[in-house]
Amino acid sequence: QDLISHVQNPGKVRYGTASDLLDFVNTVSNTPSSSLLEVGEEMGVLLNKTDMVIKEGHYRIELDVLLFPWKLTYKPQGPGHVPKGSFGKVHLAQDTKTRKRMACKLIPVEHFKPADVEIQARFRHENIAELYGALMWEQTVHLFMEAGEGGSVLEKLDSCGQMKEFEIIWVSQQVLRGLEYLHSHKIIHHDIKPSNIVLMSAKAVLVDFGLTVQMKDDVYVPRDLRGTEMYMSPELVLCRGHNTKTDIYSLGTTIIHMLSGSPPWVRRYPRTAYPSYLYIIHKQAPPLEDIPESCSPAMRRLLEHALDRVPARRSSATELLNEEALHPSREDQ
Ligand SMILES: Nc1nnc(-c2c[nH]c3ncc(-c4c[nH]c5ccccc45)cc23)o1
């Protein structure tokens, strides 16, 4: 009933604070889809610092905001993709009055969970895609976020192949600043990989917080397997408890992907022959063999520290940010 009252009051779509937005998404998530059917109009909360314009409580698709399919659709990519990942179509959105361009992620209301937006609503950092608002209409939750118009690192790798070391250094610094911030709040992203790093003109940001958790103490014991297999750490695969260091390992495998153009393991264990990599990750030493010959000694040392099999020995985000590999001296350039 409180959802219906939310619609009937004048501010169907209203400006609010992060806690207003979280109240809204929790209400949506707790409302049976049958009563959602009665809701005829859009409703939701835009975070008040956004320069999206709401005219008398309306923010309608094709009138107040236009959506353009961004040629990318987040569907489970097959065996390497544990279906637990939050999925949804990401569109380019443009506010018709301010011309502001945003990313808009559409999640069917039956698949939507408040965890999809909790972290982005409560925590802000320049290397985390900013959340501008959450609206619901036509049984679909629309999440308006900061847009990485350069696409994701995965799209860049798929279209241009392996990246140059100076590009990898730049992306790694951005991601590590975001991880340093999340980890300082005991937050584990759980799905660090090329497709969840998007590029902008002056920075890169982390996206897709659907698997994110905030630890109550210094270990998180999972109920299910979270993430994408190729980038998973051995301790995560073991499911006996892990911590933020699992994200550091996933960044290490992401750097191998950027250096070589392929994820770790797949060249030595082809996907056709190996439907799952969980056993390989558990049994084999970390994939240092997948580091290409061309990798600089400093970057190789960084990878050895990021891929250490023992989480307690593995470097933290702050330690990696101070590695020589991320501070190439002038003569190296
Ligand atoms: N899964 C997910 N959850 N939130 C996002 C997201 C927030 N802002 C964004 N900006 C750009 C892209 C994006 C990814 N691949 C692309 C290829 C071409 C153009 C754009 C992109 C995705 C996002 O993505």
Side-chain angles (χ1 to χ4, degrees), residues 21 25 44 46-47 50-52 65-78 80-95 100-109 111-135 140-161 163 167 171 174-175 178-179 182 187-213 226-228 231 247 250 254 257-258 263:
L21 187 143
V25 297
L46 296 182
L47 296 179
T50 300
D51 49 10
M52 290 148 86
V65 62
L66 304 176
L67 296 188
F68 308 95
W70 220 340
K71 84 169 183 343
L72 78 142
T73 305
Y74 284 91
K75 285 197 294 285
Q77 282 107 2
H81 187 90
V82 175
K84 295 269 179 312
S86 71
F87 61 89
K89 278 200 281 286
V90 178
H91 289 64
L92 178 64
Q94 182 155 37
D95 184 289
K100 181 182 183 65
R101 291 157 70 89
M102 302 166 278
C104 182
K105 186 167 168 181
L106 281 64
I107 306 177
V109 69
H111 293 301
F112 177 75
K113 45 190 195 318
D116 289 328
V117 289
E118 190 122 30
I119 295 301
Q120 280 169 291
R122 288 174 47 212
F123 297 92
R124 286 161 44 86
H125 183 272
E126 66 159 1
N127 297 114
I128 291 173
E130 185 174 350
L131 177 70
Y132 298 139
L135 278 79
T140 303
V141 175
H142 294 62
L143 301 180
F144 290 95
M145 294 175 278
E146 185 177 11
E149 303 214 38
S152 76
V153 169
L154 180 65
E155 270 91 8
K156 179 175 168 59
L157 287 165
D158 287 348
S159 46
C160 315
M163 291 161 61
E167 296 173 304
V171 169
Q174 309 282 318
V175 171
L179 287 180
L182 290 173
I187 294 169
I188 310 173
H189 181 279
H190 272 131
D191 208 9
I192 298 298
K193 58 181 178 178
S195 63
N196 281 342
I197 303 166
V198 298
L199 303 168
M200 299 171 186
S201 47
K203 65 175 182 173
V205 302
L206 294 174
V207 299
D208 203 342
F209 291 80
L211 298 177
T212 306
V213 296
R226 293 168 172 250
T228 306
Y231 309 94
D247 284 341
S250 300
T254 295
H257 193 160
M258 292 192 281

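For the single chain, residues carry numbers from 1 onward in sequence order. Not measured: the values here are computed from a predicted model. Each ligand, and each atom within it, is numbered from 1 in the order the structure gives.
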Quick check with a 6.0 Å cut-off and a 45 degree axis cone: is Lys100 positioned over the face of Tyr132's six-membered ring?
yes

Run the numbers for me: atoms of ligand 1, each under 4.0 Å from some heavy atom of Ala147, listed by number.
10 (N)

Geometric N/O contact Gly148 with ligand 1, under 3.5 angstrom:
yes

Check for me whether the distance between the ring centres of His189 and Phe209 falls short of 6.0 Å.
yes

Closest to atom 8 (N) of ligand 1 (judged by heavy-atom distance), picking from Glu146, Met145, Glu149:
Glu146

Report the part of Val198 (side chain from C-beta onward, or backbone N, CA, C, O) that has a heavy atom under 4.0 Å from ligand 1; answer both or neither where that applies.
side chain

In ligand 1, which numbered atoms sit nearer than 4.0 Å to a non-hydrogen atom of Gly151?
16 (C), 17 (C), 18 (C), 19 (C), 20 (C), 21 (C)

Could you tell me whether Glu126 and Lys203 make a salt bridge, using a distance below 4.0 angstrom between a side-chain N and a carboxylate O?
no

Matching residue for Asp208 among Lys105, Arg226, Lys193 - test: salt bridge (charged side-chain N to carboxylate O under 4.0 Å, His left out):
Lys105

Give the intermediate values and the outcome of side chain to side chain contact (heavy atoms under 4.5 Å, CB included) for residues Leu206 and Asn127.
CA-CA 6 Å; Leu206 294 174; Asn127 297 114; 5.7 Å; no

Numbered atoms and elements of ligand 1 in range of Ala103, under 4.0 angstrom, heavy atoms
7 (C), 8 (N), 9 (C), 10 (N)

